[in-house]
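In what follows, a single structure is set out as structure tokens and then discussed.
The figures that follow rest on heavy atoms only: side chains count, while hydrogens, waters and symmetry mates do not. Throughout, protein chains are lettered first and strands after them, A, B, ... in sequence-line order, and every chain is numbered starting at 1.
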Amino acid sequence: MLWSKLFIPTLREDPADAEVASHRLMVRGGYVRQLSAGIYSYLFLAQRSLLKITRIVREEMDAIGAQEFYLPALNPAEVWQESGRWDVMGDNMFRLKDRFGRPLCLGMTHEEVMTAVARGELRSYKQLPQIWYQIQTKFRDEPRPKSGLLRTRQFTMKDSYSFDVDAAGLDRSFDLHHAAYGRIFSRCGLRYFDVQADSGAMGGSQSNEFMVVTGAGEDLVVHAPGSNYAANMEKAVSVPAPPSASDPEGALEPEEFATPDQKTIAEVSAFTKLPETSQMKSLVMAAGGKLVMAVLRGDHTLSETKFSALLGAQEVRPAHPEEMREALGAQAGSLGPVGVQKMRVVADEALKGRKNMICGANKDGYHLKNVTPGEDFQPEWADIRQVSAGDTCIGTGEPLRIEKAMEVGHIFKLGYRYSERMGLRVLGEDGKELTPIMGSYGIGIERILCGAIELYHDKDGIVLPVSIAPFTVVVTPVNMGDEAQRLAAQSIYAACKALGLDALMDDRDERPGVKFKDAELIGIPYRITVGKKLAEGKVEITVRAGKTMLEATVTEAAAKVAELAAAAAPKPEA
RNA sequence: CGGGGCGUAGCGCAGCCUGGUAGCGCACCUGCCUUGGGCGCAGGGGGUCGCCAGUUCAAAUCUGGCCGCCCCGACCA
């Protein structure tokens with residue numbers, strides 16, 4: 001295509017309201033323009049790149065036998081009411097009414113619609129397994145859209161759903177997706193982590209997230225560089241760093257002592273001159289209308305995800321001050337597990353084997369010392385602790401790293417939730433009805449592009465992987481007024497196209513500096529510069545990643561780029 | 001929803017405190033010039049100063065309300 005005819009509105013300066021690199025560069029590079037908070041117009045370059053991404057996704061989904069559908073984004077309330085998510089989704093769902101007042105919503109995901117199709121049509125176990133997918137626009141009324149295309153109110157998702165006769169079948173469908181996702185993200189050129197994740201309150205057993213490590217991300221991944229361990233922060237486990245002071249010896253009895261105005265762990269630690277690791281933190285939480293006490297080492301943080309999973313509760317919140325006072329007779333800052341009868345007490349396993357520690361006395365202004373978990377109080381033991389910096393890997397003992405990351409894909413085993421509630425049944429081999437088991441698998445299409453840009457950019461702009469760049473190569477005649485250059489550039493451009501390269505011809509009557517800057521900004525992997533060396537029959541090939549440069553003759557330039565591109569973006573194995 | 005910031009030409013910003021002709025750079029248009037890193041010269045077009053109300057002889061500027069956008073937090077099957 002001819003650059004002079006295209007709409008690629010690059011900006012010389014950074015947009016004022018773009019914070020993260022992908023947002024800033026996509027606006028500057030003329031990929032996108034914002035229409036409203038969390039709503040973007042994808043211009044020519046973004047659309048080309050997104051089409052390349054979706055093509056890769058399609059190829060890999062088709063390769064595992066998945067079938068592409070296209071489902072309505074506009075959904076009647078009924079199906080969401082049947083699944084129970086009409087209420088669960090709350091304000092995150094865009095809702096509207098039609099002219100007759102019938103409630104509708106814009107789809108956030110498509111479990112309901114897929115299940116509705118399935119229950120109308122699937123009759124026999126012989127029709128299973130099925131994997132259905134679509135690439136569709138999703139709508140979520142985010143409380144805070146942010147970071148450009150990272151968190152938007154309208155976005156594109158590849159979502160697939162599997163239907164199997166039994167758990168073993170679901171395992172196979174899950175594994176197929178797991179492998180396909182790895183191929184998809186690799187082919188898109190992403191460096192990613194495949195992490196164990198929490199499956200959330202919506203049911204389901206196994207769950208993996210595909211995460212791209214970037215400071216722009218909103219999640220945290222915990223990983224050990226030397227081993228295979230990687231997990232979402234919510235689910236991660238670790239060996240805690242040892243306490244910084246050893247516990248006092250002896251079978252000591254708990255003893256009350258005054259701690260006026262010392263409430264936080266830090267305050268009590270300073271007051272007692274004993275480190276935070278010698279304190280016990282007692283948190284009273286309300287779950288499902290009941291109070292539960294969580295006891296942790298002073299320097300540790302409660303993982304609300306693990307805690308609520310343990311309790312099987314949908315919602316866990318800190319107890320109100322009145323609730324604490326009523327149940328324990330003291331306020332936060334002086335609470336402790338000793339003598340507590342009215343509520344469950346769950347202690348984190350990091351406290352196992354510890355003795356003679358300090359905790360609140362359930363009496364304002366007082367704490368207890370010489371408290372030994374398991375002796376002076378009998379808790380339920382569980383891992384309810386969030387991994388923290390300094391912890392080590394359970395498997396290898398090496399230090400764990402905690403890094404910010406962005407979720408680009410999520411696969412998980414749904415179980416029977418939707419099929420059960422929405423009445424999806426087929427006849428089994430034995431002639432009895434059975435409820436198919438489902439899986440759900442999502443990929444954020446725009447997030448792949450964002451992730452690639454976050455990972456690969458420099459001060460001059462975007463450095464996209466060949467497989468998802470809007471163009472593979474740009475042919476840049478330095479001086480359009482020079483006929484020899486123009487003709488040579490045209491022949492190279494034609495040769496590129498003949499080789500099937502996605503080529504762009506920068507035929508604009510611009511200064512060379514402008515053309516170079518623009519090509520670098522928008523991230524085209526290769527540039528063939530036709531300039532002063534043409535007198536010797538030579539042109540230059542510049543590789544955007546690393547800005548390396550090599551020479552080639554006019555006749556061989558296109559083939560050389562094709563070779564480089566093929567090496568950089570291998571095709572899928574047949 | 002809580003905290004902070006910002007709204008003036010397509011983009012980036014100044015002007016506002018101390019009320020009185022709406023500015024600068026980039027981009028855009030015309031002409032000349034130039035052609036290996038966002039050239040140069042000359043001329044030109046483009047604004048309900050976010051919206052509404054108030055104060056005033058007079059409001060981009062002061063006051064009040066509203067709206068929008070960005071950032072932090074809460075939230076995120």
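- Not counting sequence neighbours, the partners of A/L104 by the side-chain contact (heavy atoms from CB on, under 4.5 Å) test are A/L74, A/P76, A/L96, A/D98.
- Taking atom NZ on A/K515 and atom P on B/G36, their separation rounds to 11 Å, with Å as the unit.
- On the C1' atoms, B/C62 is 16 Å away from B/C57, given to the nearest whole Å.
- A/P103 pairs by the side-chain contact (heavy atoms from CB on, under 4.5 Å) definition with A/A77, A/W86, not counting sequence neighbours.
- Shown here, B/C41 forms a base pair with B/G31; the pair counts as Watson-Crick or G-U wobble because both key distances fall under 3.5 Å.
- Nucleotide B/C57 is matched to B/G20 when pairs are restricted to Watson-Crick or G-U wobble geometry with both distances under 3.5 angstrom.
- In this entry B/G25 has B/C11 as its Watson-Crick or G-U wobble partner, both defining distances falling under 3.5 Å.
- Distance CG (A/N232) to P (B/C76): 14 Å, rounded to an integer number of Å.
- For A/E234, the side-chain contact (heavy atoms from CB on, under 4.5 Å) criterion is met by A/D198, A/N232, A/T305, not counting sequence neighbours.
- The stretch residues 472-483 of chain A comes close to RNA chain B through A/V478, A/N479, each having a heavy atom under 4.0 Å from the strand.
- Straight-line distance between the P atoms of B/G7 and B/A14: roughly 7 Å, to the nearest whole Å.
- In terms of position along RNA chain B, the nucleotide closest to A/K517 lies nearer the 5' end than the nucleotide closest to the other residue of the pair A/D17 and A/K517.
- Side-chain atoms of A/E13 lie closest to B/G25 of the nucleotides B/C71, B/G25, B/C39.
- Sorted by residue number, the list of members of residues 443-461 of chain A with any non-hydrogen atom under 4.0 Å from RNA chain B is empty.
- Atom pair A/Q154:CD and B/C76:P shows a separation of 23 Å (rounding to whole Å applied).
- A 3.5 Å limit on both hydrogen-bonding distances identifies B/C52 as the Watson-Crick or G-U partner of B/G64.
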Where do N or O atoms of nucleotides 13-16 of chain B meet protein N or O atoms at under 3.5 Å, pair by pair?
none

